[in-house]
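What you see below is based on every heavy atom in this structure, not just the backbone, and it leaves out hydrogens, waters and symmetry mates. Letters A, B, ... are given to chains in the order of the sequence lines, protein chains preceding strands, and every chain is numbered from 1. Values in this document were obtained by computation on a predicted structure and should not be read as measured data.
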Amino acid sequence: MPYWLMKSEPDELSIHELQRLGRTRWDGVRNYQARNFMRNMQQGDLFFFYHSSCPEPGIAGIARIDGPAYADPTALDPHSHYFDAKASAEKNPWSALDVAFVEAFERVIPLAELKAQNALLELPLVQKGSRLSVMPVTGAQWAAILAIR
DNA sequence: GCCAACGTTGGC
DNA sequence: GCCAACGTTGGC
């Protein structure tokens, strides 16, 4: 079973909001590489929930993929922040999927700590210039992060 | 708010 | 197909 990491701005959706909801739709991804990873996800896959663009960027918990990717409805909604005028119901290039809460860590593991781990050097999250918002995590990386949680 | 780095767009 | 310009991401 592959592991993943996905970024969310906590103002949009935080791990604690997901905990309250139990389950929600993960949408608004507008990058092809990230979208392709989402299409490769399977029900039951676990991912680290990363808080980005906030006072305390870092990994805040764990959630689970709750079903296969489907067409992202926000791309077709003119009132959505994620509206894409070039998308149509027939040809919608963007994908969303449902996710379920698993665990909120007692602390957010700060980005600086992740960057200091030799075991995570290959993780796109910590690489200079990388802005990828959805990425695979190897079993070894997963274990290394759990070990410092 | 700044700015480095990136992805996308569009003229040629 | 090249590449400059632009908009966005996201840490600091």
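Listed by chain and number, the residues in a side chain to side chain contact (heavy atoms under 4.5 Å, CB included) with Ala87(A) are Ala75(A), Leu76(A), Asp84(A), Asn92(A), Pro93(A) (sequence neighbours excluded). By the salt bridge (Lys or Arg N to Asp or Glu O under 4.0 Å) test, Arg23(A) is found to be paired with Asp66(A), Asp98(A), residues two or more places apart in sequence or in another chain being considered. Among residues two or more places apart in sequence or in another chain, the side-chain hydrogen bond (donor to acceptor under 3.5 Å, both in side chains) test is passed with Ser130(A) by none.
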Report all side-chain donor-acceptor pairs from residues 51-58 of chain A shorter than 3.5 Å, counting only partners two or more places apart or in another chain.
{"unit_1": "His51(A)", "atom_1": "NE2", "unit_2": "Ile15(A)", "atom_2": "N", "d": "3.1"}

Under 3.5 Å, side-chain donor or acceptor atoms of residues 2-14 of chain A against the rest of the protein: list the pairs with distances, not counting sequence neighbours.
{"unit_1": "Trp4(A)", "atom_1": "NE1", "unit_2": "Asp45(A)", "atom_2": "OD2", "d": "2.9"}
{"unit_1": "Lys7(A)", "atom_1": "NZ", "unit_2": "Leu132(A)", "atom_2": "O", "d": "3.1"}
{"unit_1": "Ser8(A)", "atom_1": "OG", "unit_2": "Leu13(A)", "atom_2": "O", "d": "2.6"}
{"unit_1": "Glu12(A)", "atom_1": "OE1", "unit_2": "Tyr82(A)", "atom_2": "OH", "d": "3.2"}
{"unit_1": "Ser14(A)", "atom_1": "OG", "unit_2": "His16(A)", "atom_2": "N", "d": "3.3"}
{"unit_1": "Ser14(A)", "atom_1": "OG", "unit_2": "Glu17(A)", "atom_2": "N", "d": "3.0"}

Can you name the atoms? Protein N/O to nucleotides 1-3 of chain C N/O, anything below 3.5 Å, with the distance.
none

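When hydrophobic residues (I, L, V, M, F, W, Y) are linked wherever their side-chain heavy atoms come within less than 4.5 Å, the members clustered with Trp94(A) are Tyr32(A).
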Where protein sits on nucleotides 5-12 of chain C, one letter per nucleotide: B base, S sugar-phosphate only, - none, heavy atoms under 4.0 Å: --BBBBSS
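Legend: side-chain hydrogen bond (donor to acceptor under 3.5 Å, both in side chains) pairs involving residues 102-122 of chain A, not counting sequence neighbours, sorted by first then second residue: Glu103(A)-Arg149(A), Arg107(A)-Glu113(A).
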